[in-house]
*Asks:* 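The structure follows.
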Amino acid sequence: MSARGLGADCRIAGALAGSTDFPANGCPRLGLSTRGRRKTWNHPGASSSSVAASPRHPFNHPRSRTLVQFDSVADILAGKKTGQTVHLRGWVHRHRASGGKLAFVVLRDGSGTVQCTVKGGVADPDSLAMAVRAKLEASVSSLEGTVAADERAPGGFEVKVARFTLHEPNGPTGDFPLRGEQGTEFELDMRHLWLRSTELSAILRIKHRLYKAVHDFYDREGFTQVDPSVITTNACEGGSTLFTFDYFGQTAYLSQSAQMYLEGCIFGLPKVYSITPSFRAEKSRTTKHLTEFHHLEAEYAWWNAEDSRVHQEKLVTYMAQTIARECAADLILLKQDPARLAKIGTFQPGEGGEDIDGKRFPRIDYSQAVDRLKQLGFHVNYGDDFGVPHEKALTEGKVNPLFICDWPANIKAFYMAEKPGTDRVLCSDMMGPDGFGELIGGSQRSEDVVSMERRLLAQWKAMAQSKDFDDRRQFKHEWEAIAARLGENATDEAIEQAYLKPYQWYFDLRRYGSVPHSGFGLGIERVLRWFTGQEHIRDMLPYPRTPARAYP
RNA sequence: GCCGUCUUAGCUUAGCUGGUGGAGCUUCGGACUGUUAAUCCGAUGGUCGUCGGUUCAAAUCCGACAGACGGCGCCA
């Protein structure tokens, strides 16, 4: 988050700006009916209002006297508590003291911030002394006071405090390290404390809604969520570098994709999806790469590549519409216009999409994309992969993402289905607008074992001629390792067969009851970055992992 | 892996053609019963990333190294 230039007021944790998610009366999930005859946990008739009627009402248990019912700042700011006595707890968000006889403590409780005025004569002397010396970000375990509307208070309401207690299990709270202007490096070193910022809180709340939207969508679409393992002995796809580790004496990898495991699931459950961490060991230094990211992957029996695209645009549209509707306040806090997201998935004249059922992302064939880039003055030839400048040129200023379809087989993975009579494969990359990058990579999967084995070997052996030194070294290393294992039997053909051996379980899926099928992988953090319009993908997670950072 | 930028007090930074390093915030002390990132007065705080070189003299010029950040490639 490049928050440079923002005032400290915007920077340290705080107001959640209109969230309606916070339990209105403490903890309704533990709500007990105080009136019902059946005094059971999770009584279906238990309503929070029955507890709220008495703000000091302890949980309905004779030994729970210490559990005072706490009020929420959000309710105070909504005017629901005016004139009432409230009990609050939270953190010191701002602190202003004057003369040892008056202190303003702006309290943050996760639902918002409110000014609490601690005055001599109103508060008892111990409370006043504690409030005067309270440090920024100290925790307030108990604050009791009366709510009043007051124009002098930010937000229009303040709490006139009678009792104020700090929670200091390790002695007086020290000086909070984050304040005012901060550099990127310092923010990242202090990530565990920086997580209290309003922006990160807003982003993580939006991410939560995004996950919920995904699960709602797939539930409605009849999909089953499955849990493929993140530990794998398959160095699948080849392309990306994997993190390796010792798994009880054998080399194992942190998975970079659940795809192959999902493919194995569709024969019992024809439509499956998963959300798993995926790991990439490349030293990518960009604003859209993480070494650990969250991967939404889905796989479906009987669907072809275009069926898959229709599904993908439906998913992404649902995500965008849901976030636009449910997270408007957090989007505004992040200086984003919810209307921008609301437009995603709607027909936009001039973007090249067809106006079928009013919602459709444009598609462009790979060779059309090459022609278009040539018109724009790029030096690209049929067969080339696209780089960032090409992607930007094709997506600049658009509302909807763009599908680039049916790429040449030799620059795509071996498992993609060949397009009959061409040198291409049935696949598409969904490119986010304005260079937000590849959001989805998807394809129809090949069912042809001979073709997949041929392409797998061809891509492996091509590494020997690669321009990249690491590729050549890796090929040599792998080849020699297999040869050494085979000993006297190490003919070229035997080595190649040995290389293919780990994939045999995957090819079995084609040998026994194969079906045409398709699937895709979506980078949750990439989509979230696009939705929240943030500069860097690392702020899409609480503890981002990049090549230079695994702490805190 | 390649390319670029940066590294000065706890934090954010100024420091031109080399001549004994300035500020804001924090912290500490003082004043203050209506502040809004409180304000006002005073004080503390710096082997200028590390090592080496040029020079009478280096934060400043040169080199190497380290770390961070960013761009490319790879991808989600």
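Chain A is the first sequence line, chain B the second, and so forth, proteins listed ahead of strands; every chain is numbered from 1.
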*Asks:* Rounding to the closest angstrom, what is the interatomic distance between G18(B) and A59(B) at atom C1'?
*Replies:*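 Looking at atom C1' only, G18(B) and A59(B) are 10 Å apart.
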*Asks:* With sequence neighbours excluded, tell me which residues meet side chain to side chain contact (heavy atoms under 4.5 Å, CB included) with Thr322(A).
*Replies:*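 With sequence neighbours excluded, Thr322(A) shows a side chain to side chain contact (heavy atoms under 4.5 Å, CB included) to Ala213(A), Tyr318(A), Arg325(A), Glu326(A), given in chain and number order.
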*Asks:* Suppose we call two aromatic rings close when their centres sit under 6.0 Å apart. Are Tyr543(A) and Tyr551(A) close by that rule?
*Replies:* no
*Asks:* Verify whether the ring centers belonging to His295(A) and Phe293(A) lie closer than 6.0 Å.
*Replies:* yes
*Asks:* Find the partner of G46(B): check Watson-Crick (N1-N3 plus N6-O4 or O6-N4) and G-U wobble (N1-O2, O6-N3) distances, both under 3.5 Å, and reply none if neither fits.
*Replies:*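 Paired with G46(B), as far as the under-3.5 Å criterion goes, is no nucleotide at all.
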*Asks:* Under 3.5 Å, is there an N or O donor on one side and an acceptor on the other linking the side chain of Ser284(A) and the base of C74(B)?
*Replies:* yes
*Asks:* So what does Leu296(A) touch, heavy atoms closer than 4.0 Å: a base, only the sugar-phosphate, or nothing?
*Replies:*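 Result for Leu296(A) = nothing.
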*Asks:* May I have the distance from Asp429(A) (atom CG) to C74(B) (atom C1'), rounded to whole angstrom?
*Replies:*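 Taking CG of Asp429(A) and C1' of C74(B), I get 13 Å after rounding.
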*Asks:* Could you check whether Tyr506(A) and Tyr415(A) have their ring centres less than 6.0 Å apart?
*Replies:*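 No - the distance between ring centres of Tyr415(A) and Tyr506(A) does not fall below the 6.0 Å cut-off.
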*Asks:* I'd like to compare against my own output: the B/S/- annotation of nucleotides 30-35 of chain B with a strict under-4.0 Å heavy-atom distance to protein.
*Replies:* --BBBB
*Asks:* Do we see a donor-acceptor contact under 3.5 Å between the side chains of Arg445(A) and Ser443(A)?
*Replies:* yes
*Asks:* Determine the contact category for Ile440(A): base if any of its heavy atoms lies under 4.0 Å from a base atom, sugar-phosphate if only primed atoms, P, OP1 or OP2 are that close, otherwise nothing.
*Replies:* sugar-phosphate
*Asks:* Return the nearest nucleotide to the side chain of Leu188(A); candidates are C69(B), G70(B), A76(B).
*Replies:* C69(B)
*Asks:* Any side-chain N or O of Arg538(A) less than 4.0 Å from the OP1 or OP2 oxygen of G70(B)?
*Replies:*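 Affirmative; the distance criterion is met.
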*Asks:* Given atom CE of Met319(A) and atom C1' of A76(B), what is their separation to the nearest angstrom?
*Replies:*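 Going from Met319(A) (CE) to A76(B) (C1'), I get 12 Å.
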*Asks:* Tell me whether the count of non-hydrogen atoms from other residues, nucleotides or ligands lying under 6.0 Å of NZ in Lys374(A) goes above 12.
*Replies:*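 Yes, the 6.0 Å shell around NZ holds more than 12 heavy atoms from other groups.
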*Asks:* Say whether Ser428(A) and Arg309(A), considering side chains only, have a donor N or O and an acceptor N or O under 3.5 Å apart.
*Replies:*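 There is such a pair (donor and acceptor under 3.5 Å, judged by atom type) between the side chains of Ser428(A) and Arg309(A).
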*Asks:* Categorize Thr287(A) for me: base, sugar-phosphate, or nothing, with a 4.0 angstrom heavy-atom threshold over every strand shown.
*Replies:*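 Sugar-phosphate, backbone atoms only, no base.
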*Asks:* Could you check whether Trp91(A) and Phe176(A) have their ring centres less than 6.0 Å apart?
*Replies:* no
*Asks:* Output the rounded distance in Å from NZ (Lys392(A)) to C1' (C72(B)).
*Replies:*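 Nearest whole value for this atom pair: 11 Å.
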*Asks:* Using the C1' atoms only, state how far G63(B) lies from C72(B), rounded to an integer number of Å.
*Replies:* 27 Å
*Asks:* In whole angstrom, give me the gap between the C1' atoms of U39(B) and C32(B).
*Replies:*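 It works out to 9 Å between them.
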*Asks:* Between U12(B), G1(B), A76(B), which nucleotide gets closest to the side-chain atoms of Leu290(A)?
*Replies:* A76(B)
*Asks:* Quick one: Arg472(A) CZ to G1(B) P, roughly how many Å, whole number?
*Replies:* 14 Å
*Asks:* Side chain of Glu391(A): nearest nucleotide among A68(B), C75(B), G73(B)?
*Replies:* C75(B)
*Asks:* Run through Tyr273(A), Tyr300(A), Phe361(A) and flag the one making a ring pair (Phe, Tyr, Trp, His ring centres under 6.0 Å) with His311(A).
*Replies:* Tyr300(A)
*Asks:* Pick base, sugar-phosphate or nothing for His289(A), based on heavy-atom distances below 4.0 Å to the nucleic acid.
*Replies:* base
*Asks:* Rounding to an integer number of Å, can you tell me how far Gln459(A) CD sits from C74(B) C1'?
*Replies:*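 So the CD-C1' distance, Gln459(A) to C74(B), works out to 14 Å.
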*Asks:* Using atom C1' of each nucleotide, how far apart are G19(B) and C28(B) to the nearest Å?
*Replies:* 35 Å
*Asks:* Looking at residues 543-552 of chain A, who's got a heavy atom less than 4.0 Å off RNA chain B?
*Replies:*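 Residues of residues 543-552 of chain A under 4.0 Å from RNA chain B: Ala548(A), Arg549(A).
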*Asks:* For the residue pair His390(A) and Phe378(A), categorise the inter-ring angle as parallel (less than 30°), tilted (30 to 60°) or perpendicular (more than 60°).
*Replies:* tilted
*Asks:* Please state how far atom CD in Gln182(A) lies from atom P in G24(B), giving the value in whole angstrom units.
*Replies:* 18 Å
*Asks:* For a quick check, tell me whether the side chain of Arg285(A) and the base of G71(B) share a donor-acceptor pair closer than 3.5 Å.
*Replies:* no
*Asks:* For atom NZ of Lys419(A), is the number of surrounding heavy atoms from other residues, nucleotides or ligands below 6.0 Å larger than 12?
*Replies:*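 For Lys419(A), atom NZ is crowded (more than 12 foreign heavy atoms under 6.0 Å).
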*Asks:* Would you say the side chains of Tyr261(A) and Ser255(A) form a donor-acceptor pair under 3.5 Å?
*Replies:* no
*Asks:* Could you say whether Pro177(A) or His95(A) is positioned toward the 5' end of RNA chain B, judged by the nucleotide with the nearest heavy atom to each?
*Replies:*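 Closer to the 5' end of RNA chain B: Pro177(A).
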*Asks:* Compare the minimum distances between each of A68(B), C72(B), A76(B) and the side chain of Glu185(A), then state the nucleotide with the smallest one.
*Replies:*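 When the side chain of Glu185(A) is considered, A68(B) is the closest of A68(B), C72(B), A76(B).
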*Asks:* Quote, to the nearest angstrom, the P distance that separates U17(B) from U60(B).
*Replies:* 13 Å
*Asks:* Looking only at atom C1', what distance separates U55(B) and C61(B), rounded to whole Å?
*Replies:*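 Approximately 10 Å lies between the C1' atom of U55(B) and that of C61(B).
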*Asks:* Measure from CG on Leu528(A) to C1' on A76(B) and round the result to the nearest Å.
*Replies:*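 Checked: the CG to C1' distance equals 13 Å.
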*Asks:* Over all strands shown, is Val388(A) touching base, sugar-phosphate only, or nothing at heavy-atom distances under 4.0 angstrom?
*Replies:* sugar-phosphate
*Asks:* Could you tell me how far U47(B) sits from G21(B) if I compare only their C1' atoms? Round to whole Å.
*Replies:* 14 Å
*Asks:* Report the distance from atom CD of Gln312(A) to atom P of A76(B), rounded to the nearest whole Å.
*Replies:*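 Taking CD of Gln312(A) and P of A76(B), I get 12 Å after rounding.
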*Asks:* Could you tell me how far U12(B) sits from U26(B) if I compare only their C1' atoms? Round to whole Å.
*Replies:* 11 Å
